[in-house]
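Residue numbering restarts at 1 for every chain, and letters A, B, ... go by the order of the sequence lines. What's counted below: heavy atoms across the whole structure, side chains too, no hydrogens, waters or symmetry copies.
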Amino acid sequence: MFNEIDCNMNSNLQFSKVQFPNEKRVATGYAPIALEIRRDIVKMLTLAKSGHTGGPMGLADFMAVLYFGKFMKYSANEPQMPDRDRFVLSGGHLVPVLYSCLARAGFFEPDELSTLRKFGSRLQGHPGLDTELPGLETSSGSLGQGISIAVGMAMADKLVDHNDRKVFCLTGDGELEEGAVWEAAMAAANFKLDNLCWIVDNNDCQIDGRVRDVMSIYPLAEKFEAFGCNVIEIDGHNFEQIVNALDKFEQNNKNKSGKPTVIILKTFMGQGVSFMQDKYSWHGIPPTEEQAEMALQELK
Amino acid sequence: MFNEIDCNMNSNLQFSKVQFPNEKRVATGYAPIALEIRRDIVKMLTLAKSGHTGGPMGLADFMAVLYFGKFMKYSANEPQMPDRDRFVLSGGHLVPVLYSCLARAGFFEPDELSTLRKFGSRLQGHPGLDTELPGLETSSGSLGQGISIAVGMAMADKLVDHNDRKVFCLTGDGELEEGAVWEAAMAAANFKLDNLCWIVDNNDCQIDGRVRDVMSIYPLAEKFEAFGCNVIEIDGHNFEQIVNALDKFEQNNKNKSGKPTVIILKTFMGQGVSFMQDKYSWHGIPPTEEQAEMALQELK
Amino acid sequence: MKNINLQGKKTTRHGFGEALVELGEKHDNVVVFGGDITGSVMTSFFQKKFPERFFSIGIAEQNATTIATGMALSGKIAFFSSYSAFAAFRNADQLRVSVCYNNANVKIGGGHSGITVGPDGATHQSLEEVSFLRALPNMTVVVPCDYNEAKKATIAIGEMYGPAYIRFGRSSVPLFTTDETPFTLGKAEVFREGADVAIVACGLMVWPALLAAEELKKNLGIEARVINNHTIKPIDGETLTKAAVECGCIVTAEEHQVYGGLGSAVAEVVVKNAPVPMEFVGMKDRFGTSGEPEELLEKFDLNWQAIYASTLKVIERKNNGNCEYRPLTDIPKYEK
Amino acid sequence: MKNINLQGKKTTRHGFGEALVELGEKHDNVVVFGGDITGSVMTSFFQKKFPERFFSIGIAEQNATTIATGMALSGKIAFFSSYSAFAAFRNADQLRVSVCYNNANVKIGGGHSGITVGPDGATHQSLEEVSFLRALPNMTVVVPCDYNEAKKATIAIGEMYGPAYIRFGRSSVPLFTTDETPFTLGKAEVFREGADVAIVACGLMVWPALLAAEELKKNLGIEARVINNHTIKPIDGETLTKAAVECGCIVTAEEHQVYGGLGSAVAEVVVKNAPVPMEFVGMKDRFGTSGEPEELLEKFDLNWQAIYASTLKVIERKNNGNCEYRPLTDIPKYEK
Ligand SMILES: Cc1ncc(C[n+]2csc(CCOP(=O)(O)OP(=O)(O)O)c2C)c(N)n1
Ligand SMILES: Cc1ncc(C[n+]2csc(CCOP(=O)(O)OP(=O)(O)O)c2C)c(N)n1
Ligand SMILES: [Mg+2]
Ligand SMILES: [Mg+2]
């Protein structure tokens, strides 16, 4: 059990107990949820002393809408609910933001977030299905694989089981340098997977620098369009735009548009904390305790 | 030596001795050369009793211009000539058309074409550099790798050795389903490889059927454009269009356009023989002796 | 040899293709993915029968493997098949992370495997894949010996839970097992009793192993135990240890590199349990080349004669215990 | 132990990164390709010094490997480095066909290898790649034991012709060899003399092998020969055969699955030349998990204590010759 794991808890880094079960969704508005997620990320990473801070911070706003809006059907009480929608995290290193959402949605207690990356934890550095963490749909961590898993799930739903389930999948932008991603795009379009919503975290950062410098993926919308996808480009920190984009996906899906939806989220790495914002150096490091304190000051 | 290989030579399937060394290039016009190449392919495959007939037949016209026009610098007398241009065959199964060109260009005696796919032959079923066949630049056979090798060569020329060599690379169209190919495209554009000429054999055929049915790659020009390439679409059986396209590539290269050139060749699989034309069933089978006779009747 | 008689020749891929149809009939959650060579690997049989459960992914082995994973995570039994050179290399990372780490119910059919794919040449002659597949946790690896066994093995991996790889070939090979021949995943079968030497073989090398045993008996009165080791992972340590103890020496035979395949798996068991001299019949750390299957098997010493010679060598070592260093790849390289 | 003293700790990746710079200074045809983690694998040193010979390919291991091949076919010595989980899996097909079949002068640096990558977890803990790399014809595989050896090994593979793989790690490990310690590719080095048991180790398991040997001596008077087997392919059959004959039993130790890696390569040599009992210290056919390096090494029995226990087991087997079947993976699975 996780409470046997030595978590070296500093009182500042304790996790709030607040959860946002189904009935509370939306009602609270997204901002406080996104804030809670960002606070979780800072605390988790600080306690873990290793891992990826910047990407998850940039995704808090989108994930708040996805997990706590009306768009994704799931049940924290019945994680394997047969008609649930599914979320596949293709960029496995971004998983802290997912763990926070799962905890806040009631899949497990927020306290467990303190075990991130520790021996024996269900919160692996990159998600592992072998931990049987409730709410987790697949392992990932080798970039460019999760999106094909999502394509396979969407095909199962649409072409074999003929149900109404939806599949959401998140990839990074550096991740789009992997050729496998374009195989997935080609297949998604050819199989007319209008039940697939592919979100690209376009923070223009990867480990070695700006995506445009390391190996440019631009122009991006044009690529996805040429590969047969429906592209929506939005500000990934604007709740209204996020809601509208997910609404459009729902329309595409309901109308059987025959095209997968790609939402290009313009985000900033490290969004929410001034000294992290838009800094690719924050891709793969945790905050120190002092940095955490400063960050949590800003995140109020 | 190849003449110890049992080639089971049928008199109809003997190879002419004609070669087209440097000084004879162009002078003869391309049609007789393309015809000779097609005759070679039919004979080689018939003798080999296995292998790929359709793709190579469709490429005879283009390869006649590439190897026997003014576009590619090479010397059959000095295959390793340091300032030669290079041809990389990414779709290794298409190699019969290359073997014919090499023989007709004087890299080896046309008689050796009779050894295709036989034990001990330098003419492997898929090209193998270990045979030390003169004129061959790399092994290939696993689809989607040669184009990255070509990118590497073009980078060596342009970015390290700073010379004027050009690299030509041929991929199939089914081959474009491999994600690795799009990694190559992305890199070719980012490194501004205007010394790279990528030819796509767009016969819309692959093993299981039409490319548009097996896993559609269309729209194609749009994809390459979105990946930052200069695209030229032409009729792959029209010598004038081929010459013009290669001229355009030369211009792009000379003007340092900063973009790789992609020539999409619209071809027919099996072109030149009525009963093979545009039939994907000819992708991977050899003609019987009777079919060879019929084919050679047409190829006159 | 009880129940083991030559009944002609047939391809193992036929067994694979037919078994998929049987599986499809029995289990409505079987789905199959094609990689553009569906006729060659005979997934086309399934496609014809169950078009709504067959999906053409094109030439994209990575994607086919990971899409299959997504299907498996949706409750399907997902088969992907292509040439083993590509169905177990191009997708190696996908097999490791998505399939095996997820312990997903994905089955890979590796066709046109080994040197006997013939004239296509080295690029297509997959002789290495068993090495890494058996290193992957959760993976089951089966190399059936003939048409009938390929059929049984395909059904067996379809009906077990978890990742599995089955290897089969292009050319016709002797058919010598029957519906009655026992087959259990993970259980090596003694096809011929004997206690002078054990020949442990898999795939198309089982038949030449039996031939070599007959010749040894006829010419020299040597009784060779012949073990059909179809499942390379999990390896049947009990049967192999018993063979080592009772026979005192072992020859392995496989259509795969001598490094990392069946021979290597058997060596691991042997030194751990009952160290005895071994000889390895397999590809000697080199790439193949174009040629006819029979011709290549002969040139690369993958036939009964090579097994026969190796048994004599290993028996002599058992008797004399000589301990000089002889590399695995000591058979002279062939001349072109 | 002559010349072998602990001089603190340092990472092997440091040795790799620094050696690349040395190679770049000596040979103007050395080029290096980055896969977006150039700081981690320390190709950034080379990039800084020789920006015109460094190329960032992004997150595209297939492309980096094949571009390196094109460079190699243009006369360059082409290094590509990334995490070994991706630099030797995502590109497996490219390594087989483009690099090895071409016998191209391409070098792969596999960083952050093994369980000691730590908290990143199983996906990043590459424990399988040696299995297939050593099955590839023309490939050289080196697993250096410390910073100094990583440096020497990198220079050695840079200066030999042909495909090579070097494996190194993320965390600091004991530094105990010096400039004087002999290093030759393909030659296993005896780091400690002894004839009661041979411990054959590679990578970060060489140091615990030496510790185990000291403990054996101190507690029980057992003299263990410790062999640093840095080159796994080509394997040094002579040194290993000599060890088998003279010591009569062997323990292998590696930060890799027990199937297919160093242990397997040694077992192949042993049964072929001088069959003796062996025990395998390595990852027991399972995926890793998040945790601190030291913690994981302990939990998965990859430390001197595990080596010590295995030597006692193997010596007992040498003396008693018991031959019951014990699977390679008999150490109980850990409890979460
Ligand atoms: C196949 C593969 N190659 C390399 C890595 C190492 N890696 C982890 S995250 C990352 C950068 C990803 O960039 P991006 O997708 O933009 O994510 P961000 O940096 O924005 O979080 C890399 C190279 C990996 N996990 N998988
Ligand atoms: C990686 C890989 N996967 C599969 C194959 C098997 N294969 C050989 S040719 C071919 C079809 C190629 O189609 P295309 O590129 O259009 O060539 P064409 O049929 O037009 O000659 C396939 C699937 C291969 N050689 N390499
Ligand atoms: Mg990014
Ligand atoms: Mg085609």
Worksheet item: How long is the gap from OG on D/Ser290 to CG on A/Leu123, to the nearest 0.5 Å?
Response: 9.0 Å
Practice prompt. For the residue pair D/His124 and A/His126, categorise the inter-ring angle as parallel (less than 30°), tilted (30 to 60°) or perpendicular (more than 60°).
Written response: parallel
Worksheet item: Which answer fits D/Thr123, side chain, backbone, both or neither, if we ask what part of it has an atom under 4.5 Å from a heavy atom of chain A?
Response: side chain
Worksheet item: Residues of residues 50-63 of chain D under 4.5 Å from chain A (heavy atom pairs)?
Response: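 Against chain A, the residues of residues 50-63 of chain D that fall inside the cut-off (heavy atoms, under 4.5 Å) are D/Ser56, D/Ile57, D/Gly58, D/Ile59, D/Ala60, D/Glu61.
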Worksheet item: Within residues 80-97 of chain D, which positions have a heavy-atom distance to chain A below 4.5 Å?
Response: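 If one takes a 4.5 Å heavy-atom cut-off, the residues of residues 80-97 of chain D near chain A are D/Phe86, D/Arg90.
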Chain D contact via [X] - which portion, at a heavy-atom distance below 4.5 Å:
X        : result
A/His52  : side chain
A/Ser140 : backbone
A/Ser142 : both

Practice prompt. Determine the option with the most heavy-atom pairs under 4.5 angstrom with chain D, choosing from A/Glu177, A/Met215, A/Arg117, A/Gln206.
Written response: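 Winner by heavy-atom pair count: A/Arg117.
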Discussion item. Below 4.5 Å, heavy-atom pairs only: which of A/Leu143, A/Asp213, A/Val214 has the largest tally toward chain D?
Written reply: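 Counting heavy-atom pairs under 4.5 Å, the top option is A/Val214.
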Worksheet item: With chain A, which of D/Thr38, D/Ile37, D/Asp120 has the greatest number of heavy-atom pairs at distances under 4.5 Å?
Response: D/Asp120
Worksheet item: Between D/Gly121, D/Ala122, D/Ser44, D/Pro119, which shows the greatest number of heavy-atom pairs under 4.5 Å with chain A?
Response: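 Heavy-atom pairs under 4.5 Å are most numerous for D/Pro119.
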Practice prompt. With sequence neighbours excluded, tell me which residues meet side chain to side chain donor-acceptor pair (under 3.5 Å) with D/Ser131.
Written response: none
Worksheet entry | Under the side-chain contact (heavy atoms from CB on, under 4.5 Å) test, residues paired with A/Lys279 that sit two or more places apart |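 A/Lys279 satisfies side-chain contact (heavy atoms from CB on, under 4.5 Å) with A/Ser281, A/Trp282 once adjacent residues are dropped.
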Worksheet item: For atom CZ of A/Phe107, is the number of surrounding heavy atoms from other residues, nucleotides or ligands below 6.0 Å larger than 12?
Response: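 Counting neighbours around CZ of A/Phe107, more than 12 heavy atoms of other residues, nucleotides or ligands fall under 6.0 Å, so yes.
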